[in-house]
Amino acid sequence: MAFTLPELPYDYEALAPYMSKETLEFHHDKHHKAYVDNGSKLAAEAGMDGLSLEEIVTQSYGKNPGLFNNAGQHYNHIHFWKWMKKDGGGRSLPGKLASAVDSDLGGYDQFRADFINAGVTQFGSGWAWIAVKDGKLEIMKTPNGENPLVHGAKPILGVDVWEHSYYIDYRNARPKYLEAFVDNMVNWDYVLEMYEAATA
Ligand code: ZN
């Protein structure tokens, strides 16, 4: 099945001032679209276009870097748009998720510090994550288009630390962008939805 670019689940202005309309226009309409177009073409060339996106990501890892990076980025961005919302972020975690953060990640403040640190210390382009591995939450970071699926884990929250995600709004201040993501943008309801699916 060919990859398709999903619509943003909110207006281009919805995340301002933390993420501008201009950033979302470039990031969604140009960068994500390029992953969709290139990934579709490369998946067809590899004879993998009958597989699910998750299968393409895990099966191309370490074997077909061009396809892997585009398919991985398509997967990552599909969720990234849904991991944000207007007036999101902060401590408003649904109860079940708050309990898991308390027991597995040392509580909200520890999660916030470790998640931001993972994003700050991801050298170059990549992602920081909360993933479920062996039934427990873990903070992870990965380079380029990689994600926790290839490490036997299921991502439930990810933040894009490619410069295309923050350079227009924050220039080189990646830590400020990560703080704004956690404090003002995270859609905890969608994180819960992925947590429940990952632990079902
Ligand atoms: Zn991106």
Side-chain angles (χ1 to χ4, degrees), residues 3-43 53-54 56-58 60-61 65-86 88-89 115-131 139-151 153-187 190-191 194:
F3 298 172
T4 50
L5 182 67
E7 297 277 320
L8 283 182
Y10 32 71
D11 296 340
Y12 285 88
E13 297 84 6
L15 303 178
Y18 307 108
M19 187 175 283
S20 65
K21 176 171 185 271
E22 188 184 5
T23 290
L24 284 172
E25 284 171 349
F26 274 92
H27 197 176
H28 175 271
D29 301 2
K30 310 271 190 224
H31 293 283
H32 190 173
K33 180 161 193 308
Y35 300 133
V36 166
D37 294 346
N38 294 330
S40 281
K41 182 168 158 280
L42 293 167
L53 180 57
E54 288 84 349
I56 294 172
V57 169
T58 51
S60 63
Y61 180 59
L67 174 57
F68 173 73
N69 276 310
N70 282 285
Q73 284 290 71
H74 180 41
Y75 176 91
N76 297 347
H77 286 82
I78 286 172
H79 297 291
F80 183 58
W81 310 129
K82 292 158 86 170
W83 278 320
M84 299 184 288
K85 69 169 191 176
K86 184 178 179 61
F115 185 79
I116 289 172
N117 188 54
V120 169
T121 57
Q122 171 52 46
F123 185 77
S125 297
W127 294 75
W129 307 95
I130 301 178
I139 305 282
M140 300 177 71
K141 60 182 174 181
T142 56
N144 302 316
E146 201 173 298
N147 64 43
L149 293 176
V150 301
H151 300 289
K154 292 184 175 168
I156 64 166
L157 175 66
V159 62
D160 188 341
V161 298
W162 287 58
E163 283 189 347
H164 66 219
S165 194
Y166 63 89
Y167 205 82
I168 291 170
D169 300 320
Y170 299 87
R171 297 302 170 190
N172 61 329
R174 191 190 286 187
K176 291 276 171 227
Y177 156 68
L178 288 162
E179 287 167 13
F181 180 84
V182 174
D183 296 342
N184 304 105
M185 290 191 272
V186 175
N187 180 354
Y190 188 58
V191 180
M194 290 200 80

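Remember, it's 1-based here, ligands and their atoms both numbered in the order they're listed. Just the heavy atoms: all of them, side chains too, but no hydrogens, waters or symmetry mates, feed the values below.
Counting just the N/O/S atoms of Asp160, the one with the shortest distance to the Zn ion (ligand 1) is named OD2.
Inclusion of His32 in the first shell of the Zn ion (ligand 1) is not supported: no N, O or S atom falls under 2.8 Å. None of the N, O or S atoms belonging to His31 lies under 2.8 Å away from the Zn ion (ligand 1).
The six-membered or imidazole ring of Phe80 lies near that of His27, with a centre-to-centre distance under 6.0 Å. Checked against the 6.0 Å centroid criterion, the rings of Tyr35 and His31 do not qualify as a close aromatic pair.
The Zn ion (ligand 1) is the vertex of the angle joining NE2 of His27 and NE2 of His77, which measures 100° to the nearest 10°.
Of all non-hydrogen atoms in Arg174 and Gln122, the two that sit nearest each other are NH1-O, 2.8 Å.
With a 4.5 Å cut-off on side-chain heavy atoms, Trp162 and Trp127 count as touching.
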